[in-house]
J.: 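Got a structure for you, written out below as C-alpha cells; questions coming shortly.
Nothing here was measured: the structure is a model prediction, and the numbers come from that model. Below, read A as the first sequence line, B as the second, and so on, with proteins coming before strands; counting in each chain starts at 1.
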There are 2 protein chains.
Amino acid sequence: MNVRDETRAIREASFGWRIQRLARRMDERMGTELAKLGLSLPQFPVMMTVLEHEGVTQAEIAKRYHRPAYVISRALDGLQEQGLVERRPHPTSRRAHEIHATQAGAALSPRLHAIVEEVNAETLAPLSDAEREALLHLLPKLLGD
Amino acid sequence: MNVRDETRAIREASFGWRIQRLARRMDERMGTELAKLGLSLPQFPVMMTVLEHEGVTQAEIAKRYHRPAYVISRALDGLQEQGLVERRPHPTSRRAHEIHATQAGAALSPRLHAIVEEVNAETLAPLSDAEREALLHLLPKLLGD
DNA sequence: GTGCAATAATTGCAATTGCAAGTTTAGCAT
DNA sequence: ATGCTAAACTTGCAATTGCAATTATTGCAC
C-alpha cells in the first residue's frame, strides 16, 4: 500500500466511528426531548409511522422502520397504554391489526415534528447550505434508497 | 412555511433516520465479524484504543471513546477474561490502572484493522471517489472535531 | 495536616433488549 | 377439504444496558 492509499485507509477507518458518534449524539438529543412527552426512543418512529399512515398494520410498520416485529409489538404496548394509539381488528385478516392514532395521539403530531426539525437543524447547523445539500444527497446513495 | 422550506423539512426529517439506519447497518456488520473473534461490539473500540495507546488508563479510554466509565470497566472485564489485556498498577496513582494488551491481544491487531477496513470499504462502496472525499470531509465538520 | 470535593474504577439492581419459541390465522397445493 | 408452510403478532427468558450508589484514592484549600 503506498502512502496515499494508506492515508486514505486511515481516514476511511474513522468513518464508521464518526457515524456511530453522530448517531448516538442525535439519539441522546431525541431521547431527552421525547422523554418530556413521555415517549421512548423506540416508540418514536412507530408513533410517527402511525401518524403518517393511519391504519397501517404492524408488519408494515416493521418493514418501514426496518426493525423486527417484536420491537413494534412492544412499542405499541406502551403507546396504547398511554392512550396514544389503538389496535383495531383488520378488515380482511384476523391475525393482523390496523393501528390508529387516538385523538390524543394525533394531538402529539406537531410536537413530534417540531422535535425532529429542531434536532436535525441543530445537528446540521455547522454545515453551509451547499454542504447540507451534498450530505443529504449522499446518504440515500449510501443506503441504497 | 413555503413549499421550498417544507420540502427541505421533509428531507431533513429523514436525515436523522438515515443516520440511524446507517449506524445500525454498520454495527450489525461489525458485530458479526467481531463475533468470529469472540469480541463484542462495545469491547471493540476499547481493544483498539488499548492497542493504539499502550498503557492508557481507563478514564483515558472513556474519554477517547466518549462513553461512561462503567462501559470501559465491563468491556475490560471480558477482554481480560479472554486474556487479551491486563490491568497493571499505575506508576503514580493507586486508584488508576494502566491497561496493556497481552501478546494474544496484540496478535489480534491486524485482524481488527482488516475488519474495520472491510466494513468501511463495503459501506462506502456505492459512492464515487469524489463523493467519498466529500463525505469524509463533512463528517468531522458536523461533529466539531 | 485536616477536611472536603473531585477523580478512578467497580458493582447491585432495575429496566431494556434480543432471541427463539409460541399461538393463531392465511393461503396454497394436491 | 386436508394438510402444510408461511405470515402476523406475542411473550418467556436470558443477556445487556444504564443508573445510581459504593469504595478507594487523590489533590487542594485553609
J.: Is any side-chain heavy atom of B:Leu135 closer than 4.5 Å to a side-chain heavy atom of A:Leu139?
T.: no
J.: With the threshold set at under 4.0 Å for non-hydrogen atoms, list the residues of residues 19-40 of chain A touching DNA chain C in residue-number order.
T.: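 The answer is none.
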J.: Can you check whether A:His90 reaches A:Arg95 side chain to side chain, under 4.5 Å on heavy atoms?
T.: no
J.: Do the side chains of A:His113 and A:Met48 get nearer than 4.5 Å, heavy atoms only?
T.: yes
J.: Quick one: CG on B:Leu136 to OG on A:Ser14, what's the gap to the nearest 0.5 Å?
T.: 7.0 Å
J.: To the closest 0.5 Å, what do you measure between CD1 (B:Ile99) and CD1 (B:Ile72)?
T.: 10.0 Å
J.: Check whether any side-chain heavy atom of B:Leu143 lies under 4.5 Å from a side-chain heavy atom of A:Arg25, and answer yes or no.
T.: yes
J.: Of B:Glu98, B:His100, B:His97, B:Gln80, which meets side-chain hydrogen bond (donor to acceptor under 3.5 Å, both in side chains) against B:Arg87?
T.: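 The residue from B:Glu98, B:His100, B:His97, B:Gln80 that satisfies side-chain hydrogen bond (donor to acceptor under 3.5 Å, both in side chains) with B:Arg87 turns out to be B:Gln80.
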J.: Give the intermediate values and the outcome of ring-ring contact (aromatic ring centres under 6.0 Å, His included) for residues B:Phe44 and A:Trp17.
T.: CA-CA 11 Å; B:Phe44 165 72; A:Trp17 171 234; 9.1 Å; no
J.: Describe, as an angle rounded to 10 degrees, how the axis at the first end of the helix from C:dG1-D:dC30 to C:dT30-D:dA1 is tilted relative to the axis at the last end, five pairs per end.
T.: 20°
J.: Tell me, please, which residues at least two apart from B:Arg88 pass salt bridge (charged side-chain N to carboxylate O under 4.0 Å, His left out).
T.: B:Glu86
J.: Hey, what do you get for CD (A:Gln20) to NE2 (B:His66), rounding to the nearest 0.5 Å?
T.: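 Here the interatomic distance stands at 13.0 Å.
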J.: Between residues 41-55 of chain B and DNA chain D, which residues have a heavy-atom gap below 4.0 Å?
T.: B:Pro42
J.: List the protein contact pattern of nucleotides 2-10 of chain C with one symbol per nucleotide (5' to 3'): B for base contact, S for sugar-phosphate-only contact, - for none; contact means a heavy-atom distance under 4.0 Å.
T.: ----BBSSB
J.: B:Met26 versus A:Phe15: any side-chain heavy-atom pair under 4.5 Å?
T.: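 The answer is yes, as the side chains (C-beta and beyond) meet within the 4.5 Å cut-off.
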J.: When rounded to the nearest 0.5 angstrom, what is the spacing between CD1 in A:Ile19 and CG in B:Leu22?
T.: 4.5 Å
J.: To the nearest 0.5 Å, what is the distance between CZ (B:Arg21) and CG (A:Leu142)?
T.: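 Reported value, rounded in 0.5 Å steps: 11.0 Å.
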J.: Between which nucleotides of DNA chain D, 5' to 3', does chain B make heavy-atom contacts below 4.0 Å?
T.: D:dT17 to D:dT26
J.: With side-chain contact (heavy atoms from CB on, under 4.5 Å) as the test, would you mind laying out the steps for A:Asp129 and A:Arg132 before giving the verdict?
T.: CA-CA 5 Å; A:Asp129 281 359; A:Arg132 232 169 296 206; 3.8 Å; yes
J.: Is there side-chain contact between B:Leu37 and B:Leu112, with at least one heavy-atom pair below 4.5 Å?
T.: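 Side-chain contact under 4.5 Å: yes.
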